[in-house]
Amino acid sequence: MLEEIKKTAAFLEQATESFRPEVGIILGTGLGDFAEQIDTKYAIDYHDIPGFPVSTVEGHKGRLIFGLVEGHRVVAMQGRFHYYEGYGMQQVTFPVRVMKLLGIRYLFVSNASGGINTSFRVGDLMVITDHINLMPNPLIGPNMAELGPRFPDMHNCYDRELIARATAIAEEEHIKLQYGVYVGGTGPTFETQAEYRYFKAIGGDAAGMSTVPEVIVARHMSVPVFGISVITNCGLSDEVGDHEDVQRQGRQAGTRMAVLFKRMIRSL
Ligand code: HPA
């Protein structure tokens, strides 16, 4: 496995003339537009990267973008790999390990999720302060000691310093932020009403089908993480959302998230 990761990293280093990104970014469903903020130097389709799985979900572009944001070198995944697509956890998290070998010192993650906290509204941005993992753990199996410890600590999983910075920036930019715990399930079904109530009872604020595996692997390698969930529906609400309205809210939230990510990267 480690050899595969190193091989892919070596391929990308050569393909990008040793670009050495400082920040890794994972763009979630509907949030790929952040790519427009990147002064792109190299864009490589996943299917042209040896060792990379290929994204199957519609609306996911499936490419790795190397470029500059506010003068900082970034690598962004436009489209990610989900467990519910049938990939193993090693495949889902493979790109994060590759990004670490390429040099990233921060990981920014984003996703679309369902609000469980009843004070959340569609279109809200939630800063992920912690998570609850309801998927298989990606670190099950022999430990790759070269990458990190057997029993990684998960305190401060979402970097407190980065969260504080986000709060300050959001105030300046008049962006409303929610804060909360992301519950990661396997999907692909959305939750039943009873499951949304269960997620709430165990301390969750938003429910989704991604992010947790990538974050666990990043923390295994001691990479600081910042995460944003865009609330695209409210699980415990009886209101059935107007589909167009939800899409519009999602786009607008994506624009606000782009401002936040951009300013945060500037501040690194
Ligand atoms: N549950 C799980 N994943 C999701 C949801 C949800 O309600 N909304 C968007 N992604």
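All ligand and atom numbering here is 1-based and tracks the order in the structure. The model shown is predicted, which means the values in this text are computed figures rather than measured ones. Quick note: numbers below take in every heavy atom, side chains included, and nothing from hydrogens, waters or symmetry partners.
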- Task: Check each atom of ligand 1 against the heavy atoms of Met209 and keep those under 4.0 Å away; list them by number with element.
- Result: 2 (C), 3 (N)
- Task: Run the numbers for me: atoms of ligand 1, each under 4.0 Å from some heavy atom of Ser113, listed by number.
- Result: 5 (C), 8 (N), 9 (C), 10 (N)
- Is Gly208 near ligand 1, meaning one of its heavy atoms is under 4.0 Å from it? yes
- Message: Can you name the atoms of ligand 1, numbered from 1 with element, that are less than 4.0 Å from a heavy atom of Glu191?
- Response: 1 (N), 2 (C), 6 (C), 7 (O)
- For Gly114, the ligand 1 atoms with a heavy-atom partner under 4.0 Å come out as 4 (C), 5 (C), 6 (C), 7 (O), 8 (N), 9 (C)
- Query: Does Cys234 reach the side chain of Val122, with side-chain heavy atoms less than 4.5 Å apart?
  - Reply: yes
- Query: Is Asn117 close to Gln178 at the side-chain level, that is, under 4.5 Å between some pair of heavy atoms?
  - Reply: no
- Message: Does any part of the side chain of Ile265, heavy atoms only, come nearer than 4.5 Å to the side chain of Phe108, both counted from C-beta?
- Response: yes
- Is there a donor-acceptor contact under 3.5 Å from the side chain of Arg165 to the main chain of Ser267? yes
- Query: Would you say Gln14 has more than 12 foreign heavy atoms packed within less than 6.0 Å of its CD?
  - Reply: no
- Note on the structure: The atoms of ligand 1 lying under 4.0 Å from a heavy atom of Tyr196, numbered in the order shown, are 1 (N), 6 (C), 7 (O)
- Please could you name the atoms of ligand 1 that Ala112 approaches to less than 4.0 Å, counting only its heavy atoms? 9 (C), 10 (N)
- Message: Tell me if the centroids of the rings in Phe94 and Phe81 come within less than 6.0 Å of each other.
- Response: no
- A student checking ligand 1 against Thr232 at a 4.0 Å heavy-atom cut-off should list atoms 8 (N), 9 (C)
- Item | Atoms in ligand 1 with a heavy atom of Asn233 nearer than 4.0 Å | 5 (C), 6 (C), 7 (O), 8 (N), 9 (C)
